Novice: 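Would you mind keeping the following structure in view while I ask a few things?
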Amino acid sequence: VQLQASGGGLVQAGGSLRLSCAAAASGYTFANYFMGWFRQPPGKEREFVAAVSWSGGATYYADSVKGRFTVSRDNVKSTVYLLMNNLKPEDTAVYYCAAKSEALGSRYSASEYDYWGQGTLVTVSS
């Protein structure tokens, strides 16, 4: 499974960005994967941001982004999205999308995800 993240950039505080993550692989069904977004701020550990269930019916968020970020997916397009509103300087990070093949295991833990995109940089200026 190959994941390609895009949509990062430089934005002022209070602004918005939408990240996309397109999946591609032969013999692979995107809807079989639980999808997550993680981020790694400069000099810090990678942290959970948001996740969406296989059908898109359930979503999960870190407390720090709840109410500002929205995760969604389009299984026809094999793409997961992260809409980020009211961005803050502390949201500055490299954002990664990830795919989880097993139903068991924590959706909040990076180690439970099997495939990762290359990351896209989001910089929020104050």
Side-chain angles (χ1 to χ4, degrees):
V1 177
Q2 294 181 334
L3 302 175
Q4 180 73 38
S6 61
L10 174 64
V11 63
Q12 289 188 331
S16 299
L17 282 175
R18 189 179 80 156
L19 305 183
S20 299
C21 175
S26 60
Y28 148 86
T29 302
F30 181 69
N32 289 346
Y33 290 82
F34 191 94
M35 298 299 297
W37 286 96
F38 290 76
R39 66 186 181 187
Q40 188 163 13
K44 297 185 178 180
E45 298 284 322
R46 192 170 299 191
E47 62 185 25
F48 171 80
V49 176
V52 58
S53 64
W54 302 269
S55 67
T59 55
Y60 309 87
Y61 298 95
D63 288 342
S64 59
V65 307
K66 202 171 293 183
R68 299 188 297 122
F69 290 13
T70 303
V71 61
S72 62
R73 66 190 295 163
D74 184 333
N75 286 342
V76 174
K77 295 182 178 179
S78 296
T79 301
V80 62
Y81 304 97
L82 185 67
L83 175 62
M84 306 183 293
N85 293 324
N86 191 21
L87 282 160
K88 304 176 181 180
E90 51 264 43
D91 294 318
T92 294
V94 176
Y95 283 72
Y96 298 90
C97 59
K100 183 174 178 300
S101 59
E102 294 293 330
L104 298 178
S106 173
R107 63 182 68 92
Y108 304 107
S109 175
S111 63
E112 296 290 342
Y113 287 75
D114 305 291
Y115 304 99
W116 290 82
Q118 85 287 3
T120 184
L121 177 63
V122 172
T123 303
V124 184
S125 63
S126 57

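Just so it is clear, the structure is predicted and the values come from calculations on it, not from any experiment.
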Novice: Indicate yes or no for a side-chain donor-acceptor contact from Ser106 to the backbone of Tyr108 under 3.5 Å, with no hydrogens or angles considered.
Specialist: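 Side chain of Ser106 to backbone of Tyr108: a pair is present.
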
Novice: Quick one: does Thr120's side chain get under 4.5 Å of Ser6's, heavy atoms only?
Specialist: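 No. Closest side-chain heavy atoms not under 4.5 Å.
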
Novice: Considering residues at least two apart in sequence or located in another chain, which fulfil the salt bridge (Lys or Arg N to Asp or Glu O under 4.0 Å) criterion with Glu90?
Specialist: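 Result, salt bridge (Lys or Arg N to Asp or Glu O under 4.0 Å) vs Glu90: none returned.
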
Novice: Run Leu3 and Tyr96 through side chain to side chain contact (heavy atoms under 4.5 Å, CB included) and show every step you take.
Specialist: CA-CA 9 Å; Leu3 302 175; Tyr96 298 90; over 6 Å; no

Novice: Would you check, one step at a time, whether the test side chain to side chain contact (heavy atoms under 4.5 Å, CB included) holds for Met35 with Phe30?
Specialist: CA-CA 9 Å; Met35 298 299 297; Phe30 181 69; 3.8 Å; yes

Novice: Side chains of Trp116 and Arg46, heavy atoms from C-beta outward: is any pair under 4.5 Å?
Specialist: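 Answer yes - side chains close enough.
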
Novice: Between Val65 and Arg39, is the side chain to side chain contact (heavy atoms under 4.5 Å, CB included) condition met? List the steps.
Specialist: CA-CA 12 Å; Val65 307; Arg39 66 186 181 187; 3.9 Å; yes

Novice: With no hydrogens and no angle check, is any side-chain donor or acceptor of Gln118 less than 3.5 Å from a backbone partner on Gln4?
Specialist: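 Absent.
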
Novice: Please work out whether the ring planes of Tyr115 and Tyr33 are parallel, tilted or perpendicular, with thresholds of 30° and 60°.
Specialist: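 The arrangement is perpendicular - the two ring planes meet at more than 60°.
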
Novice: Could you check whether any side-chain heavy atom of Trp37 comes within less than 4.5 Å of a side-chain heavy atom of Val80, counting everything from C-beta outward?
Specialist: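 With C-beta onward as the side chain, the pair touches.
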
Novice: Tell me whether Asn75 contacts the main-chain N or O of Trp54 through its side chain, where contact means a donor paired with an acceptor under 3.5 Å.
Specialist: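 Yes: the side chain of Asn75 pairs with the backbone of Trp54.
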
Novice: For the pair Thr92 (side chain) and Val124 (backbone), establish whether a donor and an acceptor sit closer than 3.5 Å, ignoring hydrogens and angles.
Specialist: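 Checked: pair present.
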
Novice: Going from CG on Asn86 to OG on Ser16, what distance comes out if it is rounded to the nearest 0.5 angstrom?
Specialist: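 Answer for the CG-OG pair, Asn86 versus Ser16, is 8.0 Å.
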
Novice: Can you check whether Ser53's main-chain N or O pairs, donor with acceptor, with Arg73's side chain at less than 3.5 Å?
Specialist: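 Side chain of Arg73 to backbone of Ser53, a donor-acceptor pair under 3.5 Å: yes, one is there.
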
Novice: Do you reckon Leu82 sits in the same ILVMFWY cluster as Leu17, going by side-chain contacts under 4.5 Å, direct or chained?
Specialist: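 Yes; tracing contacts between hydrophobic side chains, which count when under 4.5 Å, links both residues.
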
Novice: Decide side chain to side chain contact (heavy atoms under 4.5 Å, CB included) for Tyr81 and Asp74; before the verdict, give the C-alpha distance in whole Å, the side-chain angles of both, and the deciding distance to 0.1 Å.
Specialist: CA-CA 8 Å; Tyr81 304 97; Asp74 184 333; 4.1 Å; yes

Novice: Restricting to ring-ring contact (aromatic ring centres under 6.0 Å, His included), what partner residues turn up for Tyr113, sequence neighbours left out?
Specialist: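 Expected list: Phe38.
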
Novice: As a test of understanding, state which of Val94, Asp91, Leu10, Leu19 forms a side-chain contact (heavy atoms from CB on, under 4.5 Å) with Val122.
Specialist: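 Exactly one candidate clears the test, Leu19.
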
Novice: Students often mix this up, so state it plainly: with edges at 30° and 60°, are the rings of Tyr95 and Phe69 parallel, tilted or perpendicular?
Specialist: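 Ring orientation, 0 to 90° scale: tilted.
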
